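Here the structure is laid out as C-alpha coordinates; the discussion comes afterwards.
Chain letters run A, B, ... following the sequence lines, proteins first, then strands; residues in each count from 1. Small disclaimer: the values here were computed from a predicted structure and weren't measured.
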There are 2 protein chains.
Amino acid sequence: MSNLDLVFGALADGTRRAMLARLGEGETTVNALVALTRHKQPTVSKHLKVLERAGLVMRTPKAQYRMVQLNPVPLQEAELWIKRYASLYTDSFDRLDHLLQDERQNSPIEEQL
Amino acid sequence: MSNLDLVFGALADGTRRAMLARLGEGETTVNALVALTRHKQPTVSKHLKVLERAGLVMRTPKAQYRMVQLNPVPLQEAELWIKRYASLYTDSFDRLDHLLQDERQNSPIEEQL
DNA sequence: AACTCATATTCCATTATGGCTATATAGCCA
DNA sequence: TGGCTATATAGCCATAATGGAATATGAGTT
(Lines give C-alpha, C1' and ligand atoms only; values in the text may rest on other atoms or scores of the structure.)
Protein backbone atom coordinates (compact mmCIF):
# COMPACT_ATOMS: atom_id res chain seq x y z
CA MET A 1 0.00 0.00 0.00
CA SER A 2 1.25 3.43 -0.95
CA ASN A 3 2.12 5.86 1.78
CA LEU A 4 -0.24 8.38 0.25
CA ASP A 5 -2.99 5.86 0.89
CA LEU A 6 -2.13 5.97 4.55
CA VAL A 7 -1.76 9.73 4.70
CA PHE A 8 -5.01 10.54 2.92
CA GLY A 9 -6.69 7.76 4.84
CA ALA A 10 -5.54 9.30 8.08
CA LEU A 11 -6.90 12.66 7.00
CA ALA A 12 -10.27 11.18 6.15
CA ASP A 13 -11.55 11.52 9.69
CA GLY A 14 -12.57 14.66 11.52
CA THR A 15 -11.28 13.49 14.86
CA ARG A 16 -7.85 12.85 13.44
CA ARG A 17 -7.85 16.17 11.60
CA ALA A 18 -8.74 17.87 14.86
CA MET A 19 -5.79 16.15 16.49
CA LEU A 20 -3.47 17.23 13.73
CA ALA A 21 -4.73 20.79 13.94
CA ARG A 22 -3.98 20.77 17.62
CA LEU A 23 -0.55 19.25 17.04
CA GLY A 24 0.15 21.99 14.54
CA GLU A 25 0.24 24.34 17.50
CA GLY A 26 2.90 22.32 19.23
CA GLU A 27 3.58 18.94 20.75
CA THR A 28 1.26 17.68 23.42
CA THR A 29 0.30 14.64 25.47
CA VAL A 30 -2.16 11.93 24.64
CA ASN A 31 -4.50 13.02 27.38
CA ALA A 32 -4.61 16.55 26.04
CA LEU A 33 -5.79 15.07 22.76
CA VAL A 34 -8.38 12.99 24.52
CA ALA A 35 -9.72 16.18 26.07
CA LEU A 36 -10.19 17.65 22.61
CA THR A 37 -12.48 14.94 21.39
CA ARG A 38 -15.69 13.40 22.58
CA HIS A 39 -14.05 9.99 22.56
CA LYS A 40 -12.54 7.69 25.15
CA GLN A 41 -8.83 7.39 25.61
CA PRO A 42 -8.40 3.99 23.94
CA THR A 43 -10.17 5.30 20.88
CA VAL A 44 -7.82 8.25 20.72
CA SER A 45 -4.85 5.94 21.10
CA LYS A 46 -6.11 4.01 18.10
CA HIS A 47 -6.41 7.19 16.07
CA LEU A 48 -2.89 8.05 17.09
CA LYS A 49 -1.72 4.73 15.78
CA VAL A 50 -3.33 5.47 12.45
CA LEU A 51 -1.57 8.84 12.33
CA GLU A 52 1.68 7.21 13.33
CA ARG A 53 1.42 4.54 10.66
CA ALA A 54 0.96 7.30 8.12
CA GLY A 55 4.10 8.94 9.43
CA LEU A 56 2.17 12.03 10.45
CA VAL A 57 3.02 11.80 14.10
CA MET A 58 5.86 10.74 16.36
CA ARG A 59 5.60 9.67 19.97
CA THR A 60 8.50 10.14 22.35
CA PRO A 61 8.36 9.10 25.99
CA LYS A 62 8.89 11.88 28.48
CA ALA A 63 8.64 10.67 32.03
CA GLN A 64 5.27 8.97 32.34
CA TYR A 65 3.89 10.84 29.36
CA ARG A 66 4.21 10.21 25.66
CA MET A 67 4.71 13.47 23.90
CA VAL A 68 3.01 13.51 20.54
CA GLN A 69 4.59 15.54 17.81
CA LEU A 70 3.49 16.42 14.30
CA ASN A 71 5.65 15.34 11.40
CA PRO A 72 4.83 17.69 8.54
CA VAL A 73 6.61 15.82 5.75
CA PRO A 74 3.80 13.47 4.73
CA LEU A 75 1.41 16.38 4.73
CA GLN A 76 3.64 18.20 2.33
CA GLU A 77 3.71 15.14 0.12
CA ALA A 78 -0.07 15.00 0.18
CA GLU A 79 -0.30 18.66 -0.69
CA LEU A 80 2.18 18.10 -3.45
CA TRP A 81 0.12 15.29 -4.91
CA ILE A 82 -2.96 17.45 -5.03
CA LYS A 83 -1.04 20.20 -6.73
CA ARG A 84 0.85 17.96 -9.09
CA TYR A 85 -1.86 15.63 -10.28
CA ALA A 86 -5.10 17.41 -9.77
CA SER A 87 -4.39 20.99 -10.60
CA LEU A 88 -3.48 20.18 -14.16
CA TYR A 89 -6.65 21.81 -15.34
CA THR A 90 -5.64 25.27 -14.14
CA ASP A 91 -2.25 25.85 -15.65
CA SER A 92 -1.75 24.50 -19.10
CA PHE A 93 1.97 25.11 -18.97
CA ASP A 94 2.18 23.04 -15.87
CA ARG A 95 -0.01 20.52 -17.56
CA LEU A 96 2.31 20.03 -20.48
CA ASP A 97 5.16 19.73 -18.06
CA HIS A 98 3.51 16.93 -16.16
CA LEU A 99 2.39 15.14 -19.27
CA LEU A 100 5.95 15.03 -20.47
CA GLN A 101 7.14 13.63 -17.20
CA ASP A 102 4.48 10.96 -17.25
CA GLU A 103 5.60 9.88 -20.67
CA ARG A 104 8.63 8.18 -19.21
CA GLN A 105 6.80 5.84 -16.92
CA ASN A 106 3.97 3.55 -17.84
CA SER A 107 1.19 1.29 -16.72
CA PRO A 108 -0.20 0.26 -14.44
CA ILE A 109 -0.66 3.85 -13.51
CA GLU A 110 -1.67 3.20 -9.95
CA GLU A 111 1.80 2.10 -9.02
CA GLN A 112 3.17 5.51 -9.81
CA LEU A 113 0.99 7.26 -7.27
CA MET B 1 -20.11 13.33 7.92
CA SER B 2 -17.93 16.21 6.80
CA ASN B 3 -17.26 16.63 3.15
CA LEU B 4 -13.55 16.63 3.83
CA ASP B 5 -14.00 13.13 5.18
CA LEU B 6 -15.34 12.10 1.81
CA VAL B 7 -12.71 13.96 -0.17
CA PHE B 8 -9.74 12.66 1.77
CA GLY B 9 -11.33 9.26 1.88
CA ALA B 10 -11.65 9.28 -1.87
CA LEU B 11 -8.00 10.22 -2.20
CA ALA B 12 -6.92 7.39 0.08
CA ASP B 13 -6.77 4.91 -2.77
CA GLY B 14 -4.20 4.65 -5.54
CA THR B 15 -6.72 3.52 -8.12
CA ARG B 16 -8.88 6.54 -7.49
CA ARG B 17 -5.88 8.85 -7.49
CA ALA B 18 -4.86 7.38 -10.82
CA MET B 19 -8.31 8.07 -12.15
CA LEU B 20 -8.18 11.65 -10.92
CA ALA B 21 -4.76 12.14 -12.43
CA ARG B 22 -6.13 10.97 -15.74
CA LEU B 23 -9.17 13.19 -15.41
CA GLY B 24 -6.88 16.11 -14.78
CA GLU B 25 -5.87 15.81 -18.40
CA GLY B 26 -9.42 16.13 -19.58
CA GLU B 27 -12.78 14.42 -19.45
CA THR B 28 -13.00 10.82 -20.53
CA THR B 29 -15.23 7.78 -20.57
CA VAL B 30 -15.64 5.10 -17.96
CA ASN B 31 -14.09 2.49 -20.17
CA ALA B 32 -11.01 4.59 -20.67
CA LEU B 33 -10.63 4.64 -16.91
CA VAL B 34 -11.10 0.90 -16.74
CA ALA B 35 -8.24 0.54 -19.17
CA LEU B 36 -5.99 2.48 -16.83
CA THR B 37 -6.43 0.14 -13.92
CA ARG B 38 -6.01 -3.55 -13.32
CA HIS B 39 -9.60 -3.78 -12.14
CA LYS B 40 -12.87 -4.89 -13.66
CA GLN B 41 -15.43 -2.43 -14.93
CA PRO B 42 -17.88 -2.80 -12.03
CA THR B 43 -15.11 -2.08 -9.60
CA VAL B 44 -14.18 1.06 -11.47
CA SER B 45 -17.81 2.15 -11.52
CA LYS B 46 -17.83 1.76 -7.77
CA HIS B 47 -14.72 3.88 -7.42
CA LEU B 48 -16.38 6.48 -9.58
CA LYS B 49 -19.30 6.54 -7.23
CA VAL B 50 -16.97 7.21 -4.34
CA LEU B 51 -15.39 10.08 -6.25
CA GLU B 52 -18.81 11.38 -7.17
CA ARG B 53 -20.05 11.27 -3.60
CA ALA B 54 -17.03 13.34 -2.62
CA GLY B 55 -17.95 15.83 -5.33
CA LEU B 56 -14.69 15.23 -7.13
CA VAL B 57 -16.26 14.04 -10.33
CA MET B 58 -19.31 14.66 -12.48
CA ARG B 59 -20.86 12.30 -14.97
CA THR B 60 -22.80 13.59 -17.94
CA PRO B 61 -24.43 11.28 -20.50
CA LYS B 62 -23.20 11.72 -24.04
CA ALA B 63 -24.86 9.25 -26.36
CA GLN B 64 -24.21 5.80 -24.94
CA TYR B 65 -21.22 7.01 -22.97
CA ARG B 66 -21.02 8.78 -19.67
CA MET B 67 -18.40 11.40 -19.83
CA VAL B 68 -16.53 11.72 -16.58
CA GLN B 69 -15.24 15.10 -15.63
CA LEU B 70 -13.07 16.34 -12.80
CA ASN B 71 -14.45 18.89 -10.38
CA PRO B 72 -11.46 20.66 -8.89
CA VAL B 73 -13.26 22.50 -6.10
CA PRO B 74 -13.16 19.83 -3.41
CA LEU B 75 -9.50 19.27 -4.16
CA GLN B 76 -8.84 22.91 -3.55
CA GLU B 77 -10.67 22.66 -0.27
CA ALA B 78 -8.57 19.68 0.71
CA GLU B 79 -5.41 21.52 -0.22
CA LEU B 80 -6.62 24.49 1.76
CA TRP B 81 -7.19 22.36 4.82
CA ILE B 82 -3.69 21.01 4.70
CA LYS B 83 -2.31 24.48 4.38
CA ARG B 84 -4.55 26.06 6.94
CA TYR B 85 -4.51 23.52 9.69
CA ALA B 86 -1.38 21.55 9.27
CA SER B 87 1.18 24.02 8.09
CA LEU B 88 0.93 26.04 11.27
CA TYR B 89 4.36 24.86 12.27
CA THR B 90 6.11 26.65 9.40
CA ASP B 91 4.94 30.20 9.64
CA SER B 92 4.54 31.59 13.14
CA PHE B 93 2.74 34.66 11.87
CA ASP B 94 0.20 32.48 10.19
CA ARG B 95 0.07 30.46 13.34
CA LEU B 96 -0.91 33.39 15.49
CA ASP B 97 -3.50 34.33 12.94
CA HIS B 98 -5.14 30.95 13.08
CA LEU B 99 -4.99 30.76 16.82
CA LEU B 100 -6.86 34.01 17.07
CA GLN B 101 -9.51 32.79 14.70
CA ASP B 102 -9.91 29.56 16.62
CA GLU B 103 -10.48 31.52 19.78
CA ARG B 104 -13.99 32.39 18.70
CA GLN B 105 -15.24 28.87 18.35
CA ASN B 106 -14.97 26.10 20.85
CA SER B 107 -15.33 22.44 21.58
CA PRO B 108 -15.90 19.90 20.39
CA ILE B 109 -13.20 20.79 17.95
CA GLU B 110 -14.03 18.10 15.45
CA GLU B 111 -17.16 19.89 14.37
CA GLN B 112 -15.14 22.80 13.10
CA LEU B 113 -13.28 20.70 10.57
C1' DA C 1 -36.92 -6.19 -33.39
C1' DA C 2 -32.47 -8.09 -32.51
C1' DC C 3 -27.75 -7.24 -31.49
C1' DT C 4 -24.00 -4.91 -29.41
C1' DC C 5 -21.51 -1.96 -26.64
C1' DA C 6 -21.09 1.10 -22.39
C1' DT C 7 -22.21 1.42 -17.90
C1' DA C 8 -24.78 0.54 -13.57
C1' DT C 9 -26.59 -2.47 -10.08
C1' DT C 10 -27.03 -6.54 -7.20
C1' DC C 11 -25.16 -10.05 -4.45
C1' DC C 12 -21.54 -12.20 -2.09
C1' DA C 13 -17.24 -12.86 0.54
C1' DT C 14 -13.48 -10.74 2.77
C1' DT C 15 -11.30 -7.36 5.26
C1' DA C 16 -10.94 -2.81 7.47
C1' DT C 17 -12.66 0.80 10.55
C1' DG C 18 -14.37 2.99 14.66
C1' DG C 19 -16.07 2.78 19.09
C1' DC C 20 -16.58 0.70 23.60
C1' DT C 21 -15.18 -1.89 28.12
C1' DA C 22 -11.90 -4.20 30.57
C1' DT C 23 -7.29 -4.98 31.47
C1' DA C 24 -2.27 -4.53 31.19
C1' DT C 25 2.00 -1.93 31.51
C1' DA C 26 5.08 1.49 33.01
C1' DG C 27 6.66 5.65 35.23
C1' DC C 28 6.31 8.64 39.21
C1' DC C 29 5.68 9.65 44.20
C1' DA C 30 4.94 8.74 49.06
C1' DT D 1 6.73 -1.39 48.38
C1' DG D 2 2.08 0.42 47.13
C1' DG D 3 -0.72 3.35 44.88
C1' DC D 4 -1.72 6.86 41.47
C1' DT D 5 -1.57 8.42 36.73
C1' DA D 6 -0.74 8.03 31.72
C1' DT D 7 -1.06 5.25 28.02
C1' DA D 8 -1.40 0.87 25.40
C1' DT D 9 -3.48 -3.44 24.24
C1' DA D 10 -7.02 -6.97 23.75
C1' DG D 11 -11.51 -8.43 22.80
C1' DC D 12 -15.89 -7.43 21.06
C1' DC D 13 -19.46 -5.54 18.09
C1' DA D 14 -21.52 -2.94 14.35
C1' DT D 15 -20.81 -0.94 10.14
C1' DA D 16 -18.47 0.26 5.92
C1' DA D 17 -15.33 -0.61 2.15
C1' DT D 18 -13.17 -3.46 -1.50
C1' DG D 19 -13.29 -6.61 -5.26
C1' DG D 20 -15.40 -10.02 -8.23
C1' DA D 21 -19.21 -12.53 -11.00
C1' DA D 22 -23.53 -12.18 -12.73
C1' DT D 23 -27.05 -9.48 -14.37
C1' DA D 24 -29.71 -5.38 -15.64
C1' DT D 25 -30.30 -1.12 -18.19
C1' DG D 26 -30.04 1.93 -21.92
C1' DA D 27 -28.37 3.85 -26.10
C1' DG D 28 -26.86 3.09 -30.76
C1' DT D 29 -26.90 0.12 -35.03
C1' DT D 30 -28.52 -2.99 -38.55
- Query: Can you tell me how far C1' of dA13(C) sits from NZ of K40(B), to the nearest Å?
  - Reply: 17 Å
- Query: For V50(A), what residues pass the side chain to side chain contact (heavy atoms under 4.5 Å, CB included) criterion, not counting sequence neighbours?
  - Reply: A10(A), R16(A)
- Message: By nearest heavy atom, map H47(A) and R66(A) onto DNA chain C; which one lands nearer the 5' end?
- Response: H47(A)
- Atom-to-atom span, CZ of R38(A) to C1' of dG18(C) - whole angstrom: 12 Å
- Message: Taking any heavy-atom pair under 4.0 Å as a contact, classify K49(A): base, sugar-phosphate, or nothing.
- Response: sugar-phosphate
- Side-chain N,O (T43(A)) to OP1/OP2 (dG18(C)) below 4.0 Å: no
- First and last nt of DNA chain D near chain B, cut-off under 4.0 Å to heavy atoms, 5' to 3', are dT18(D) to dG28(D)
- Message: Taking only side-chain N and O atoms of N31(B), does any of them lie within less than 4.0 angstrom of OP1 or OP2 on dC5(C)?
- Response: no
- When both distances are under 3.5 Å in a Watson-Crick or G-U wobble arrangement, the nucleotide paired with dA30(C) is dT1(D)
- Message: Using whole Å, what does the distance between atom P of nucleotide dG18(C) and atom CG of L11(A) come to?
- Response: 12 Å
- Message: Need to verify one output field. Residue with the more 5' nearest nucleotide on DNA chain D, K46(B) or M67(A)?
- Response: M67(A)
- Check the angle between the aromatic planes of F8(A) and W81(A) and answer parallel, tilted or perpendicular using the 30° and 60° thresholds. perpendicular
- Qualifying residue for side-chain contact (heavy atoms from CB on, under 4.5 Å) with V34(A), from K40(A), Q41(A), M19(A): Q41(A)
- Message: Taking the side chain as everything from C-beta on, heavy atoms only, tell me whether L6(B) gets closer than 4.5 Å to M1(B).
- Response: yes
- Could you identify which residues of residues 52-65 of chain A place a heavy atom less than 4.0 Å from some atom of DNA chain C, listed by residue number, or say none? A63(A), Q64(A)
- Query: Is a donor-acceptor contact shorter than 3.5 angstrom present between the side chain of Q41(B) and the base of dA8(C)?
  - Reply: yes
- Message: Within the supplied structure, the quantity of interest is the number of heavy atoms (other residues, nucleotides, ligands) at a distance under 6.0 Å from M67(B) CE; does it exceed 12?
- Response: yes
- Item | Min side-chain heavy-atom separation N31(A)-V44(A) under 4.5 Å | no
